[in-house]
S.K.: 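One structure is given below, represented as C-alpha coordinates, and several questions about it will come after.
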Amino acid sequence: MAQRITFRRRNPYNTKSNQIKVVKTPGGILRAQHVKKQGTRPKCGDCGIALPGISALRPRQYAQVSRTHKTVSRSYGGSRCANCVKERIVRAFLIEEQKIVKKVLKDQAEKEKKAEKKTSKSKK
(Lines give C-alpha, C1' and ligand atoms only; values in the text may rest on other atoms or scores of the structure.)
Protein backbone atom coordinates (compact mmCIF):
# COMPACT_ATOMS: atom_id res chain seq x y z
CA MET A 1 0.00 0.00 0.00
CA ALA A 2 1.31 3.48 -0.94
CA GLN A 3 1.82 5.94 1.88
CA ARG A 4 0.04 9.27 1.61
CA ILE A 5 1.85 12.52 2.32
CA THR A 6 0.41 15.94 3.03
CA PHE A 7 1.71 19.48 2.79
CA ARG A 8 3.35 20.67 6.00
CA ARG A 9 2.37 24.31 5.60
CA ARG A 10 -1.09 25.87 5.67
CA ASN A 11 -1.27 26.42 1.90
CA PRO A 12 -3.05 23.36 0.43
CA TYR A 13 -2.55 24.24 -3.27
CA ASN A 14 0.11 23.05 -5.68
CA THR A 15 1.52 26.48 -6.50
CA LYS A 16 5.02 27.51 -7.60
CA SER A 17 5.88 28.66 -4.09
CA ASN A 18 4.48 25.48 -2.44
CA GLN A 19 6.48 22.75 -4.21
CA ILE A 20 7.54 19.67 -2.23
CA LYS A 21 10.06 16.85 -2.48
CA VAL A 22 9.24 13.49 -0.92
CA VAL A 23 11.97 12.46 1.54
CA LYS A 24 12.27 9.27 3.55
CA THR A 25 13.17 9.96 7.18
CA PRO A 26 15.45 7.73 9.26
CA GLY A 27 12.29 6.39 10.91
CA GLY A 28 11.10 5.06 7.54
CA ILE A 29 8.30 7.62 7.15
CA LEU A 30 7.79 9.49 3.86
CA ARG A 31 7.71 13.21 4.59
CA ALA A 32 7.08 16.27 2.38
CA GLN A 33 10.04 18.66 2.28
CA HIS A 34 9.21 22.12 0.93
CA VAL A 35 11.59 23.25 -1.84
CA LYS A 36 12.51 26.91 -2.12
CA LYS A 37 12.30 28.63 -5.49
CA GLN A 38 15.54 28.89 -7.41
CA GLY A 39 17.07 32.29 -7.98
CA THR A 40 17.65 33.58 -11.50
CA ARG A 41 21.10 34.69 -12.62
CA PRO A 42 21.63 38.47 -12.66
CA LYS A 43 21.69 39.77 -16.24
CA CYS A 44 23.83 42.41 -17.95
CA GLY A 45 21.92 45.69 -18.14
CA ASP A 46 23.04 46.38 -21.72
CA CYS A 47 23.03 43.06 -23.60
CA GLY A 48 21.00 40.84 -21.23
CA ILE A 49 23.35 37.86 -20.87
CA ALA A 50 23.74 36.16 -17.46
CA LEU A 51 26.67 37.67 -15.55
CA PRO A 52 29.44 35.11 -14.91
CA GLY A 53 30.95 35.02 -11.43
CA ILE A 54 27.83 36.20 -9.62
CA SER A 55 25.70 33.86 -7.51
CA ALA A 56 22.14 33.07 -8.56
CA LEU A 57 20.14 33.72 -5.38
CA ARG A 58 16.73 34.87 -4.31
CA PRO A 59 16.68 38.68 -3.88
CA ARG A 60 16.60 38.62 -0.07
CA GLN A 61 19.57 36.25 0.14
CA TYR A 62 21.94 38.80 -1.41
CA ALA A 63 21.78 40.72 1.88
CA GLN A 64 23.25 37.72 3.75
CA VAL A 65 26.15 36.75 1.45
CA SER A 66 29.54 38.42 1.22
CA ARG A 67 30.46 40.98 -1.40
CA THR A 68 32.49 38.47 -3.43
CA HIS A 69 29.26 36.60 -4.30
CA LYS A 70 27.55 39.74 -5.60
CA THR A 71 30.19 41.42 -7.74
CA VAL A 72 33.39 40.99 -9.73
CA SER A 73 36.39 43.28 -9.30
CA ARG A 74 36.01 45.45 -12.38
CA SER A 75 34.29 48.74 -13.09
CA TYR A 76 30.55 48.08 -13.51
CA GLY A 77 31.31 44.76 -11.74
CA GLY A 78 27.90 43.38 -10.81
CA SER A 79 25.78 45.12 -13.42
CA ARG A 80 27.50 44.92 -16.84
CA CYS A 81 29.41 42.12 -18.59
CA ALA A 82 33.05 42.50 -19.64
CA ASN A 83 32.24 42.98 -23.33
CA CYS A 84 29.80 45.83 -22.64
CA VAL A 85 32.32 47.56 -20.32
CA LYS A 86 34.96 47.25 -23.04
CA GLU A 87 32.53 48.70 -25.59
CA ARG A 88 31.76 51.64 -23.30
CA ILE A 89 35.45 52.40 -22.78
CA VAL A 90 36.20 52.26 -26.51
CA ARG A 91 33.15 54.42 -27.32
CA ALA A 92 34.16 57.04 -24.73
CA PHE A 93 37.73 57.09 -26.07
CA LEU A 94 36.56 57.52 -29.68
CA ILE A 95 34.17 60.34 -28.71
CA GLU A 96 37.02 62.18 -26.94
CA GLU A 97 39.29 61.68 -29.97
CA GLN A 98 36.54 63.03 -32.23
CA LYS A 99 36.22 66.16 -30.05
CA ILE A 100 39.98 66.76 -30.29
CA VAL A 101 39.93 66.35 -34.09
CA LYS A 102 37.02 68.80 -34.40
CA LYS A 103 38.85 71.35 -32.26
CA VAL A 104 42.04 71.04 -34.33
CA LEU A 105 40.10 71.45 -37.61
CA LYS A 106 38.28 74.48 -36.21
CA ASP A 107 41.59 76.12 -35.17
CA GLN A 108 43.07 75.44 -38.62
CA ALA A 109 40.03 77.01 -40.31
CA GLU A 110 40.33 80.13 -38.12
CA LYS A 111 44.04 80.46 -38.94
CA GLU A 112 43.29 80.21 -42.66
CA LYS A 113 40.60 82.92 -42.37
CA LYS A 114 43.03 85.23 -40.55
CA ALA A 115 45.67 84.59 -43.21
CA GLU A 116 43.16 85.38 -45.99
CA LYS A 117 42.15 88.63 -44.27
CA LYS A 118 45.79 89.71 -43.96
CA THR A 119 46.51 88.96 -47.63
CA SER A 120 43.35 90.79 -48.79
CA LYS A 121 44.30 93.87 -46.67
CA SER A 122 47.85 93.95 -48.05
CA LYS A 123 46.56 93.79 -51.67
CA LYS A 124 44.42 96.94 -51.15
S.K.: Which atom pair, heavy atoms only, marks the closest approach of Pro42 to Ser55?
M.R.: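 Heavy-atom minimum between the residues: CD-O, 3.8 Å.
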
S.K.: What pair of heavy atoms forms the shortest contact from Ile20 to Ala32, and how long is it?
M.R.: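 Shortest heavy-atom separation between Ile20 and Ala32 comes out as CD1-CB, 3.8 Å.
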
S.K.: Can you confirm whether Lys43 is buried at NZ, in the sense that more than 12 heavy atoms of other residues, nucleotides or ligands lie under 6.0 Å from that atom?
M.R.: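 Counting neighbours around NZ of Lys43, more than 12 heavy atoms of other residues, nucleotides or ligands fall under 6.0 Å, so yes.
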
S.K.: After noting the C-alpha distance and the side-chain angles of Arg41 and Ile54, does the key distance pass the side-chain contact (heavy atoms from CB on, under 4.5 Å) rule?
M.R.: CA-CA 8 Å; Arg41 299 279 305 276; Ile54 297 171; over 6 Å; no

S.K.: Can you tell me how far the NZ atom of Lys118 sits from the NZ atom of Lys114, to the nearest 0.5 Å?
M.R.: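 Here the rounded value is 8.0 Å.
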
S.K.: For residues Lys37 and Arg58, report the shortest heavy-atom separation together with the two atoms involved.
M.R.: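 Shortest heavy-atom separation between Lys37 and Arg58 comes out as O-CD, 3.2 Å.
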
S.K.: In Å and rounded to the nearest 0.5 Å, what is the CG to CD distance from Asn83 to Glu87?
M.R.: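 Here the rounded value is 7.5 Å.
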
S.K.: Between Phe7 and Tyr13, which heavy-atom pair has the shortest distance, and what is it?
M.R.: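 Answer, listing the atom of Phe7 first, then Tyr13: CZ-O, 4.1 Å.
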
S.K.: Are Phe93 and Val90 linked, directly or through intermediate hydrophobic residues, by side-chain heavy-atom contacts shorter than 4.5 Å (ILVMFWY only)?
M.R.: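 Yes, it is one cluster - the side chains of Val90 and Phe93 are joined through contacts under 4.5 Å.
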
S.K.: From Lys99 NZ over to Lys102 NZ, what is the distance, rounded to the nearest 0.5 angstrom?
M.R.: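 Here the interatomic distance stands at 9.0 Å.
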
S.K.: Is there side-chain contact between Val22 and Gln33, with heavy atoms separated by less than 4.5 Å?
M.R.: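 Not touching, per the 4.5 Å side-chain cut-off.
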
S.K.: Hey, are the side chains of Asp46 and Arg88 touching, using non-hydrogen atoms and a 4.5 Å cut-off?
M.R.: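 Side chain of Asp46 against side chain of Arg88, heavy atoms only: contact under 4.5 Å found.
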
S.K.: What is the distance from atom CG of Asn18 to atom NE2 of His34, rounded to the nearest 0.5 Å?
M.R.: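 Answer for the CG-NE2 pair, Asn18 versus His34, is 5.5 Å.
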
S.K.: If Ile, Leu, Val, Met, Phe, Trp and Tyr residues are connected whenever their side-chain heavy atoms lie under 4.5 Å apart, and connections chain through other members, are Ile49 and Tyr76 in the same group?
M.R.: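 Not linked; separate clusters.
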
S.K.: Which heavy atom in Cys44 sits nearest to a heavy atom in Cys81, and how many Å separate them?
M.R.: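 Nearest pair, atom of Cys44 first, then Cys81: SG-N, 3.4 Å.
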
S.K.: Return the CD1 to CD distance between Ile100 and Glu97, rounded to the nearest 0.5 Å.
M.R.: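 Here the rounded value is 5.0 Å.
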
S.K.: Would Lys113 and Glu116 pass as an ion pair if we require N to O under 4.0 Å?
M.R.: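 No, no charged N to carboxylate O under 4.0 Å.
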
S.K.: I want to check something: taking the side chain as every heavy atom from C-beta on, are Ile29 and Gln3 in contact at a cut-off of under 4.5 Å?
M.R.: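 Contact flag for Ile29/Gln3 side chains = yes.
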
S.K.: Heavy atoms only: give me the nearest Thr40-Tyr62 pair and the separation to one decimal.
M.R.: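 Here Thr40 and Tyr62 meet closest at O-OH, 4.4 Å.
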
S.K.: Is the number of heavy atoms from other residues, nucleotides or ligands within 6.0 Å of CD (Gln38) greater than 12?
M.R.: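 Atom CD in Gln38 is not crowded, with 12 or fewer foreign heavy atoms closer than 6.0 Å.
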
